[in-house]
2 protein chains.
Amino acid sequence: MKFEAVTIKDIARALGISTSTVSRALRDSYEISPETKQLVLDCAEKLNYRPNPIALSLKERRSRSIGVIVCEIANNFFSQVINGIESIAYDRGYNVIVSQSRESYEREVIDLQYLASRSVDGLLISLSTETNDLSHLKSLHAKGFPIVFFDRITEEINTHRVIVDNFRGAYDATEHLIKNGHKRIAVISNSEFLSITHERVAGYKEALIANGHEVNEHYVQHCFYGGMIFEEIEDAINKLFTQRNKPDAIFATSDKLTTGCLKTLKRRGLKVPDDVSVVGFSNTDIAELIDPPLTVVRQPAIEMGKAAIELLLQLIESKRPIKEFEKRILTPELQIRESSIKKTAKVAEDLTLRAKPIHLQE
Amino acid sequence: MKFEAVTIKDIARALGISTSTVSRALRDSYEISPETKQLVLDCAEKLNYRPNPIALSLKERRSRSIGVIVCEIANNFFSQVINGIESIAYDRGYNVIVSQSRESYEREVIDLQYLASRSVDGLLISLSTETNDLSHLKSLHAKGFPIVFFDRITEEINTHRVIVDNFRGAYDATEHLIKNGHKRIAVISNSEFLSITHERVAGYKEALIANGHEVNEHYVQHCFYGGMIFEEIEDAINKLFTQRNKPDAIFATSDKLTTGCLKTLKRRGLKVPDDVSVVGFSNTDIAELIDPPLTVVRQPAIEMGKAAIELLLQLIESKRPIKEFEKRILTPELQIRESSIKKTAKVAEDLTLRAKPIHLQE
DNA sequence: TTTATTTACGCAAACGTTCCCGATAACGAT
DNA sequence: ATCGTTATCGGGAACGTTTGCGTAAATAAA
């Protein structure tokens with residue numbers, strides 16, 4: 001199955017010169033005469049020579065590829081992040097190797113081992129929901145292996161991080177619900193281990209308090225696998241709606257939770273926003289098409305990917321070890337639509353008018 | 001920035017034995033004594049030795065990684081395909097390197113060069129919309145480089161292919177519209193160069209003919225960039241609705257076209273399905289949440305990814321060159337919801353009842 | 001003419017592995 | 001005592017490159 005490739009040796013043999021001369025000629029070294037260079041170049045062209053990146057990697061101890069670990073590729077948010085990562089990597093001559101942990105700690109560890117044994121120059125990672133032991137990352141990081149965290153980050157390892165202002169996104173979303181007359185706002189969130197959960201739930205609570213509401217822990221539901229298991233969401237909704245004081249609004253803190261929540265409500269026959277309003281973190285490009293048009297806090301996912309890989313390349317390509325690390329915080333955008341507006345006021349009507357200018361994403 | 005790694009030499013030096021012995025001990029060769037093996041294994045463990053895959057690649061002339069080229073990662077269909085690809089690759093010990101052509105021929109060529117110069121063992125590709133010259137792929141294929149096409153394929157290169165039954169998907173969708181009383185069914189499709197366009201438009205036309213309808217070329221609109229440029233879709237819709245006989249149904253043949261179409265209709269104030277029905281190819285997981293719930297032909301994207309990489313690995317790992325190639329055709333699924341049902345009949349009501357059992361995708 | 005300097009190239013080591021070939025010692029068979 | 005086996009290990013080439021060093025010839029400076 002192997003298909004033999006033409007190497008620098010083939011050129012050397014064909015021209016009766018040494019491989020070093022060929023190598024230097026190809027790299028346009030000053031110590032090769034113009035005539036020889038031309039000869040080599042022509043021959044390389046004729047033989048359709050392509051340098052072997054693997055040999056180069058071995059020599060230079062760098063593969064010009066970077067690894068990406070996310071919990072799931074087929075997810076609006078993550079696929080957009082990967083899009084951003086790939087676009088910069090392409091420009092800078094790097095390959096991106098993606099793998100998914102599927103929210104499994106075990107797989108994350110294996111993925112990491114697999115990627116890290118020097119086949120990639122650095123790593124971009126958003127932690128799996130199961131991950132609370134970080135020793136696999138710590139040992140690598142201690143050896144100087146470049147890592148940048150994004151989205152689901154950790155404070156335990158000191159390196160670059162890029163996230164959105166989750167606190168603010170949640171705060172704004174919650175406050176928006178309050179301002180629209182909601183009194184009993186529930187939140188459906190991911191595992192409590194995740195940084196995004198902390199920050200988003202904190203933003204939610206702070207908004208309640210700042211607006212004179214009480215925090216009711218019965219209104220705080222966690223889905224450990226973030227909705228990968230659909231029953232989790234159904235359970236959460238069930239718990240919320242079998243309480244004495246049923247919520248009049250739900251704030252879902254991730255893409256999958258938001259859509260899962262909407263599906264469950266629909267199947268249960270609950271009308272949005274009449275029975276319960278909904279706002280959720282989501283990067284779907286069809287929020288405006290949902291019934292009702294969905295109020296979302298949208299993350300600049302592509303920008304996050306770009307920022308993450310730029311920081312990583314900075315780490316990789318730096319001459320001396322970097323000791324100062326950056327936590328880049330991007331701004332999420334609250335896109336207000338009808339799912340969060342009670343039909344009582346005439347606000348809904350205004351909304352329809354406002355619908356057009358709101359962010360025409362391609 | 002380099003971080004030194006422990007090699008087989010370090011173990012050899014530490015134990016005062018040769019590298020060949022270490023290598024053999026690690027591979028559990030029969031010609032190494034059990035004691036030495038244990039010694040080596042312990043030492044490797046203690047030093048936290050990890051084999052260098054790059055050195056291995058150079059030696060064995062295989063990288064255990066495969067390349068994937070799609071036009072866009074952040075797309076429901078393609079991200080699901082990549083999901084499938086990654087899952088099998090993971091099991092079989094391969095890395096997946098993804099890159100996106102962004103529908104550009106030029107980028108596809110560069111991506112290919114970049115991947116193919118023996119840094120990947122094989123390629124999975126869905127062609128860009130601009131691609132009609134296939135020489136970049138042909139030359140590689142001629143050298144024996146393993147390639148498998150999926151989704152947007154070509155007949156010009158003889159190798160494995162995996163697609164869905166596009167003809168049937170389109171036929172079923174169109175016939176469904178006809179059976180529901182639609183008389184003037186338009187189609188919005190991708191570039192005419194694309195295989196998927198051919199097949200889907202052919203299915204559409206055949207369904208019309210088989211049901212006694214005429215094919216009206218004014219009802220066939222093409223968007224060259226498949227909706228990456230939003231104006232394309234708006235133009236197509238404009239053309240359709242400025243005709244004397246406005247269509248009473250639209251069949252959109254891709255994910256982006258479908259959602260783009262829906263957005264345009266909504267912004268134009270056209271109600272679905274009252275003013276015009278819609279059915280489209282789409283792999284969104286929230287079709288049921290759209291207003292109105294969207295009838296889609298859904299492709300088994302994950303399965304497509306899995307099939308494609310399995311065929312590729314078969315190509316890669318085969319001892320002798322394979323001459324018999326397979327065209328694997330998966331079956332798309334028509335998921336009927338309300339967007340394609342005229343409100344006149346009481347069909348709509350039935351539909352609501354049927355809504356639940358329809359495919360609970362996680 | 002001699003010496004110093006430049007020009008233009010080759011040799012060989014190195015990157016981390018694997019593996020073909022020997023080599024040595026121990027041991028039983030002749 | 002000699003020979004063929006077997007068990008156990010080391011030497012070194014090879015994968016495709018790059019690069020430090022050496023060196024011959026050519027040129028310039030003396």
Side-chain angles (χ1 to χ4, degrees), chain A residues 1-41 43-44 47-65 93 116-121 143, chain B residues 1-41 43-44 47-65 93 116-121 143:
Chain A
M1 199 51 289
K2 60 151 72 81
F3 67 113
E4 77 304 321
V6 18
T7 78
I8 219 171
K9 287 185 186 177
D10 298 321
I11 300 179
R13 202 175 315 120
L15 262 40
I17 58 179
S18 80
T19 58
S20 19
T21 304
V22 176
S23 172
R24 271 185 270 252
L26 291 173
R27 321 206 111 234
D28 202 25
S29 162
Y30 67 96
E31 37 183 355
I32 302 295
S33 70
E35 305 84 53
T36 312
K37 273 181 192 170
Q38 200 51 52
L39 235 54
V40 170
L41 254 34
C43 185
L47 268 56
N48 193 28
Y49 166 78
R50 301 271 168 243
N52 184 332
I54 299 205
L56 250 175
S57 294
L58 182 58
K59 186 116 246 288
E60 304 189 341
R61 295 153 131 168
R62 58 189 327 231
S63 61
R64 288 206 151 264
S65 66
S117 31
R118 299 186 312 303
S119 74
V120 295
D121 295 339
K143 279 197 280 185
Chain B
M1 200 54 286
K2 59 150 72 80
F3 67 113
E4 77 303 321
V6 18
T7 79
I8 220 170
K9 286 186 186 175
D10 298 320
I11 300 179
R13 200 173 319 118
L15 262 42
I17 57 179
S18 80
T19 59
S20 12
T21 305
V22 176
S23 173
R24 271 184 272 254
L26 291 173
R27 322 207 112 234
D28 203 27
S29 161
Y30 68 96
E31 39 184 355
I32 301 295
S33 71
E35 305 84 50
T36 312
K37 273 181 191 168
Q38 200 51 50
L39 234 52
V40 170
L41 254 34
C43 185
L47 269 55
N48 193 30
Y49 166 77
R50 303 271 167 243
N52 184 332
I54 299 205
L56 251 175
S57 295
L58 181 58
K59 186 116 243 289
E60 303 188 343
R61 294 151 131 170
R62 60 191 325 232
S63 62
R64 289 205 150 263
S65 65
S117 32
R118 299 187 314 302
S119 74
V120 295
D121 295 341
K143 279 197 281 185

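In the text below, chain A, chain B and the rest are named by the order of the sequence lines, each starting its count at 1. Hydrogens, waters and symmetry mates play no part in the numbers below; they use all other heavy atoms, side chains included.
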Query raised in the report: Hey, does B:S57 reach any base, or is it just sugar-phosphate, or nothing, if we go heavy atoms under 4.0 Å?
Result: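 It contacts nothing in the nucleic acid.
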Report task. Look at all strands and tell whether B:I17 reaches a base, only sugar-phosphate, or nothing, counting heavy atoms closer than 4.0 Å. Result ->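 Sugar-phosphate: the residue B:I17, judged by heavy atoms under 4.0 Å, touches backbone atoms but no base.
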Query - Smallest separation among heavy atoms of B:L26 and B:Y49, with atom names - result: CD1-CE2, 3.7 Å
Query raised in the report: Any side-chain heavy-atom pair from B:S119 and B:S63 closer than 4.5 angstrom?
Result: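 They are not in side-chain contact.
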Query raised in the report: Is the shortest heavy-atom distance from the side chain of B:I17 to the side chain of B:V40 under 4.5 Å?
Result: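 A side-chain contact under 4.5 Å exists here.
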Output the rounded distance in Å from [atom1] ([X]) to [atom2] ([N]).
{"X": "A:R64", "N": "C:dC15", "atom1": "CZ", "atom2": "P", "result": "21 Å"}
{"X": "B:L15", "N": "D:dT8", "atom1": "CG", "atom2": "P", "result": "17 Å"}
{"X": "A:R62", "N": "D:dG16", "atom1": "CZ", "atom2": "P", "result": "22 Å"}
{"X": "B:Y30", "N": "D:dT8", "atom1": "OH", "atom2": "C1'", "result": "11 Å"}
{"X": "B:D28", "N": "D:dT8", "atom1": "CG", "atom2": "P", "result": "13 Å"}

Report task. For the pair B:L15 and B:V22, evaluate side chain to side chain contact (heavy atoms under 4.5 Å, CB included) and give the outcome as yes or no after the intermediate values. Result -> CA-CA 9 Å; B:L15 262 42; B:V22 176; 5.6 Å; no
Query raised in the report: Measuring from A:I32:CD1 to A:L39:CG, what's the distance to the nearest 0.5 Å?
Result: 11.5 Å
Requested in this report: Could you grab the distance from atom CD1 of B:I11 to atom OG1 of B:T21, nearest 0.5 Å is fine?
Outcome: 12.0 Å
Query - Nucleic acid footprint by protein, nucleotides 16-24 of chain C - heavy-atom cut-off 4.0 Å, B for base, S for sugar-phosphate alone - result: BBBBBB---
Query raised in the report: Has B:T36 got a side-chain N or O lying under 4.0 Å from the OP1 or OP2 atom of D:dT8?
Result: no
